[in-house]
Structure formats: C-alpha cells, structure tokens
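Source: prediction; values computed, not measured.
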Amino acid sequence: MTERRLVSSGGPYEARYGYSRAIAVGDSCWVAGTTDAGPDGRSRHPDDAQAQARAAYAIAIGALEEAGFAIDEVVRTRMYIVNADDATLVAAVNGELFGTIRPASTLVRVRA
C-alpha cells in the first residue's frame with residue numbers, strides 16, 4: 001500500500017469536518033481549498049482580495065512544502081471570487097507566484 005501523508009494547518013475545521021489541509025500519496029499531493037482564515041476561522045484580510053489570495057497561497061504552498069513538494073511541481077490552481085472586480089487582483093497574485101511555472105489555472109466567480 002502506498003503511504004498517505006496527511007498535512008494539517010492546525011485550523012479549527014479540519015478535525016471537526018474530517019479533512020486535511022493536504023494529502024500526499026506517492027508522488028502526488030492534493031491541497032484542500034484554502035482561505036486566509038486565521039486560527040479562529042476568520043479572515044485575516046477582510047475586504048482585501050489580493051492580500052487574501054497571497055495569504056491563502058502561502059498556506060497552500062506551506063502545506064505542499066511540509067508534504068515534501070515544491071512550488072514548481074504545481075500543475076493546477078483554482079481561484080474562487082465573489083466580486084467580479086477582484087478578478088484582476090487575484091489573478092495577478094497567481095501570476096506573481098506561478099508566472100514561470102504556468103500550471104493549468106481557473107478563476108471562477110461564485111455567488112455569495
């Protein structure tokens with residue numbers, strides 16, 4: 001059986017709702033949807049989509065690294081926004097981090 005490595009961010013919801021921040025199996029790693037929430041579950045950057053994106057990516061990349069992976073191994077990103085005006089701001093953060101890696105990336109606007 002292939003080893004499963006679970007990575008926890010220590011957030012308040014992982015144990016309660018039965019998920020991990022990331023899980024690595026073999027040479028693949030999947031990261032759960034990530035926000036900029038602090039240990040109390042609240043946004044650290046309310047009303048600042050770009051800061052939220054940077055913080056969420058920092059958490060996700062940290063989980064990847066803890067699982068033994070590097071940012072240049074990322075093959076896909078997904079970004080979800082509520083306000084269409086935030087699209088360029090959030091996409092710019094994706095570009096800053098992944099501009100040379102160029103994973104398959106999707107940005108989706110969802111309803112609140």
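- When all heavy atoms are compared, the tightest approach of Ser8 to Glu14 is OG-OE1, 2.6 Å.
- Ala24 and Phe69 make their closest contact through CB-CE1, 3.7 Å (heavy atoms, listed as atom of the first residue, atom of the second, distance).
- Contact record, Ala67 with Arg5: O-NH2, 3.1 Å, taken as the closest heavy-atom pair.
- For Arg42, the CZ atom sits in a loose shell: 12 or fewer heavy atoms of surrounding residues, nucleotides or ligands are nearer than 6.0 Å.
- Leu6 CG to Arg21 CZ: the interatomic distance, rounded to the nearest 0.5 Å, is 13.0 Å.
- A donor-acceptor pair is defined here as one N or O able to donate and one able to accept, closer than 3.5 Å; such a pair exists between the side chain of Thr34 and the backbone of Ala32.
- A distance of 8.0 Å separates OG1 in Thr100 from CG in Asp72, rounded to the nearest 0.5 Å.
- Considering all non-hydrogen atoms of both residues, Leu107 and Ala87 come closest at CD1-O, 3.7 Å.
- Listed for the Gln52 side chain is no donor-acceptor partner under 3.5 Å among the backbone atoms of Ser43.
- The two atoms that bring Pro103 and Val74 nearest to each other are CB-O, 3.7 Å, heavy atoms only.
- Minimum interatomic distance between Ile71 and Leu97 (heavy atoms only, all atoms of both residues): CD1-O, 3.8 Å.
- The number of heavy atoms from other shown groups lying within 6.0 Å of CG (Asp47) does not exceed 12.
- Here the NE2 atom belonging to His45 is positioned 11.0 Å from the OG1 atom belonging to Thr35, to the nearest 0.5 angstrom.
- Distance alone, capped at 3.5 Å, places no donor-acceptor pair between the Asp86 side chain and the Ile81 backbone.
- Annotation: Asp40, atom CG; neighbour count of heavy atoms from other residues, nucleotides and ligands within 6.0 Å is above 12.
- Judged purely by atom type and a 3.5 angstrom limit, Glu65 has no side-chain atom pairing as donor or acceptor with the backbone of Gly62.
- Looking at heavy atoms from C-beta onward, Val108 lies out of side-chain contact with Arg78 at the 4.5 angstrom threshold.
- Heavy atoms of other residues, nucleotides or ligands lying less than 6.0 angstrom from CZ of Arg16 number more than 12.
- Note on Trp30: it does not cluster hydrophobically with Ile101, by side-chain heavy-atom contacts below 4.5 Å among ILVMFWY residues.
- No path of Ile, Leu, Val, Met, Phe, Trp and Tyr side chains, each step under 4.5 Å between heavy atoms, connects Leu89 with Met79, placing them in separate hydrophobic clusters.
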Asn94 vs Tyr57, test: side chain to side chain contact (heavy atoms under 4.5 Å, CB included). Steps then yes/no.
CA-CA 8 Å; Asn94 192 78; Tyr57 273 130; 2.5 Å; yes
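- No continuous path of hydrophobic side-chain contacts links Tyr19 to Val7 [ILVMFWY only; heavy atoms under 4.5 Å].
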Side chain to side chain contact (heavy atoms under 4.5 Å, CB included) between Val110 and Val82, worked out:
CA-CA 5 Å; Val110 298; Val82 174; 4.2 Å; yes
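- In this structure a side-chain-to-backbone donor-acceptor pair under 3.5 Å is missing from Arg102 to Val75.
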